[in-house]
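Take a look at the structure set out below.
For ligands, and for the atoms within them, numbers begin at 1 and follow the listed sequence. The structure displayed is predicted, hence computed values, not measured ones.
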Amino acid sequence: MEKWLLGVDLGGTTTKLAFINLYGEIIHKWEIATDRSDNGKKITTNIAKTIDAKLAELDEMKSRILGIGVGAPGPVRFEDGSLYEAINIGNWHHYPLKDLLEVETSLPVVIDNDANIAALGEMWKGAGQGAKDLVCITLGTGVGGGVIANGQMVHGKSGAAGEIGHITVVTENGAPCNCGKTGCLETVVSATGIVRLAQEALTKDKGTSLLQQRVNEGQHLSSKLVFECAIERDGLSKSIIEKVSFYLGLALSHIGNLLNPEKIVIGGGVSKAGDLLINPVREIFEKYAFKRVLKSTKILPATLGNDAGVIGAAWLIKSQVNQETQN
Ligand code: ZN
């Protein structure tokens, strides 16, 4: 009987789950709402319950599952699978997520940060396939990053490696960031950051732009709308994207020079803009990256979309189980 892996992508609003085979193919995926009430105490019980319910629905035995990989929204202490904190979920400090889930499910569990598992997913089955040195950056509401060096996730001393979103790129009058600093990359290239840049540009502009027209017509000011107006050659929207691309390309050139990865994969909702974002980012990268880096590091859009997390989580538990059988 072919064994399955269970990938879990624990988010602040929804928890995505998937049974995945050893080749990284999704057999069945579903999601549940993340219950943050009572400081997130029900989260592990809810995950255990939904697994049992889904196995019953599919008429499968629990013994089919080798283990559970989890992506969690916060820095992870990899040695014991605890979360240093998880701001989007609750007041968690050194929360023993791995231990609790193992007790609730009677299955082996491995935990890593959500941006890290997205990087693992892209490495296994996505745009990063085949690359052992890979950096993945996720542009969503915030900006996440994962660094894989020689096939291994880089965690750093306290689980904060790969915090690409908090590289400072605006040194004068930078906007405040969720992390407490100002001028972080996240404040200018996340979906929220792009909207803020757009609001600033609209305030300074005389009101003749297409973007302003669309907003006047009642359309919601979103990063998507900015890209849509740029496609229609709106100068104001194009200048916003120019700014976004500059900061992102600059930060990626620093990352490129530091790590010389084979691939830098850009994912998350904002990356759906495709070439409209990637091409100008590549231009800035070409301007600032070291020549040898430029020749060998490719910038590519992510290909797995929302599945990157569950697939990466499955890879993580697969590699852990493999290691244990070898030892
Ligand atoms: Zn920050």
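- For the side chain to side chain contact (heavy atoms under 4.5 Å, CB included) with Ile47, the qualifying choice from Thr34, Val70, Val8 is Val8, the only one to do so.
- Salt-bridge annotation for Glu200 and Arg196: present, with a side-chain N of the basic residue lying under 4.0 Å from a carboxylate O of the acidic one.
- Remark: Lys238 does not engage Glu232 in a salt bridge, criterion side-chain N to carboxylate O under 4.0 Å.
- In this structure, a donor-acceptor pair under 3.5 Å is present between the side chains of Lys42 and Ser37.
- Asp80 CG to Ile111 CD1: the interatomic distance, rounded to the nearest 0.5 Å, is 10.0 Å.
- Aromatic ring pairs are classed by plane angle as parallel below 30°, tilted from 30° to 60° and perpendicular above 60°; the pair Tyr95 and Trp92 is parallel.
- Protein N/O/S atoms found under 2.8 Å from the Zn ion (ligand 1): His166 ND1, Cys177 SG, Cys179 SG, Cys184 SG.
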